[in-house]
Amino acid sequence: MTRVHVVGASGYAASEVIRILRKHPNVRLGALESATHAGERIGAHAPSLRALDRTYDAPGTTLAVLAEGDVALHAGRAHEAAALVPALLARGARVIDFSDRFRSTAVSGEAVYGFPERYADAIARARLVANPGCYPTATLLALWPLEVFAAGIEQIVVDAKSGISGAGRAPLAGSLFAEVAGDVRAYGLAGHRHAPEIVAELAALGIEAPLTFTPHVVPLSRGMLVDAYAICSYELADDALAAAYRRCYASNPFVRLLPPNQAPNLPGLVGTNDAEIHLSRSGRVVRVLCAIDNLGRGAAGQAVANLNLMLGLPTGTALDDRIVA
């Protein structure tokens, strides 16, 4: 059994990962740190974890109890990761970081980008995995199969909508129900922090077309829908396009390619590591809809898939049980 510690354990994504790991057959929970709720019962803050007879551990507990071979999931902010992650690695732990601190350095060898569909072999050998954000995850799932047509893609347009839990658990005014109810709010219009991550990963696929990326917050607790459009220099053949997506995802238990008359359904994905993809074409424009749970596949589920790869386990271990938090 591998001991797994969670730093920043009271956040939304961290609560979801703890829920999954409680039933993981090859893992036992170690320290569950929270700077804001240390000493308080976990179930008082995470309803899905009320059956867990634990209180949050104080900051520093993970470093104090860490043993070589343990895994630490860092679900804190980027500036906190910059200080703590190197210390965890120095103590012999393997680390999965939820923040964007190490994603931009993944290409330099400091970290492996935690997109299992593309980097499974590297993740399996990694000591530090940079877990992708929900926007890049849904966008890359939508566009990855188009790498075989990369030379003919002239422009990428991504219209993305996220549930408000993507903003985190801090009580910010812009995240209050009264602020988001009844609205579809575009933000990051001058440049979103995830856009460079998406551009870098698309470039690694050979897709170097300009990206127009517009994120929105919608009045849902959780869920994400990406509408991605690839504008090509010529009309792609429908059978070749469909074949490219089947090649990528036919053996992937977490990705469903929907029939032409069916759209993704966000409520059906809540609490899962699944993604639903709708593919269509109109002239030179390829349209791909991709839906995920932003806290599931977009954060906690993907982290567990990466953990499984690091432990030499099947990617889907502990990820086939849908329990809505």
Side-chain angles (χ1 to χ4, degrees), residues 4-22 24 27 29-52 54-63 71-85 88 95-103 114 129-137 162-177 180 193-194 215 217 220-224 270-273 292-307 319 323-325:
V4 177
H5 311 279
V6 182
V7 179
S10 58
Y12 288 134
S15 297
E16 183 72 356
V17 84
I18 293 168
R19 178 187 71 77
I20 297 169
L21 292 180
R22 281 187 65 215
H24 197 297
V27 159
L29 292 171
L32 304 175
E33 287 189 25
S34 172
T36 54
H37 299 299
E40 300 175 20
R41 292 194 62 80
I42 291 175
H45 299 279
S48 65
L49 299 176
R50 284 177 179 164
L52 180 61
R54 288 281 301 269
T55 58
Y56 288 113
D57 296 303
T61 303
T62 296
L63 275 177
V71 177
L73 307 184
H74 185 272
R77 294 182 174 88
H79 70 275
E80 297 165 338
L84 182 57
V85 168
L88 295 169
V95 179
I96 299 173
D97 179 44
F98 283 55
S99 79
D100 60 0
R101 172 63 180 85
F102 298 99
R103 294 176 197 159
V129 171
N131 211 50
C134 49
Y135 283 120
T137 293
S162 174
I164 193 60
S165 58
R169 202 167 190 178
L172 303 174
S175 302
L176 299 176
F177 175 78
V180 300
R193 63 191 179 93
H194 285 321
V217 171
L220 297 173
S221 174
R222 53 198 289 180
M224 170 162 290
V270 171
T272 77
N273 193 52
I292 62 172
D293 177 5
N294 61 302
L295 297 182
R297 177 58 202 259
Q302 187 150 251
V304 173
N306 288 325
L307 172 66
L319 288 173
I323 302 175
V324 179

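With respect to L88, the side-chain contact (heavy atoms from CB on, under 4.5 Å) criterion is satisfied by exactly one of D97, T62, V71: T62.
Of all heavy-atom pairs between A300 and V17, the closest is CB-N, 3.5 Å. Contact record, G271 with E16: CA-OE2, 3.8 Å, taken as the closest heavy-atom pair. Nearest heavy atom pair, residue A13 against residue A299, reads CB-CB, 3.8 Å. Closest of all the heavy-atom pairs between T55 and I42 is C-CG1, 3.9 Å. For the residue pair S99 and R77, the shortest heavy atom distance occurs at CB-C, 4.0 Å. Between G43 and R50, the closest heavy-atom pair is O-CG, 3.4 Å.
We find the CG-NE2 distance between L29 and H24 to be 10.5 Å, quoted to the nearest 0.5 Å. The line from OG of S34 to CD of E40 is 7.5 Å long, rounded to the nearest 0.5 Å. From Q302, atom CD reaches atom CD1 of I292 across 7.5 Å, with rounding to the nearest 0.5 Å. One finds the CZ atom of F102 at 13.0 Å from the CG atom of N131 (value rounded to the nearest 0.5 Å). Going from atom CZ of R222 over to atom OG of S162 covers 11.5 Å, rounded to the nearest 0.5 Å. A distance of 9.0 Å separates CG of L295 from OG of S15, quoted to the nearest 0.5 Å.
With a 4.5 Å cut-off on side-chain heavy atoms, R101 and V85 do not count as touching. Side chains of L21 and L73 form a contact here, defined as non-hydrogen atoms less than 4.5 Å apart. You'll find the side chain of L84 reaches within 4.5 Å of the side chain of L63, heavy atoms only. Counting only heavy atoms from C-beta outward, the side chains of H45 and Y56 approach each other to under 4.5 Å. The side-chain heavy atoms of H74 and E80, taken from C-beta on, include a pair separated by under 4.5 Å. When side chains are defined from C-beta on, V304 does not count as touching N273, because their heavy atoms never get closer than 4.5 Å. Annotation: side chain of L49 is in contact with side chain of R19 (closest heavy-atom distance under 4.5 Å). In this structure, the side chains of T61 and H5 stay at 4.5 Å or more apart for every pair of heavy atoms.
Side chain of E33 to main chain of A9: no donor-acceptor pair is present (N/O by atom type, distance under 3.5 Å, no hydrogens or angles).
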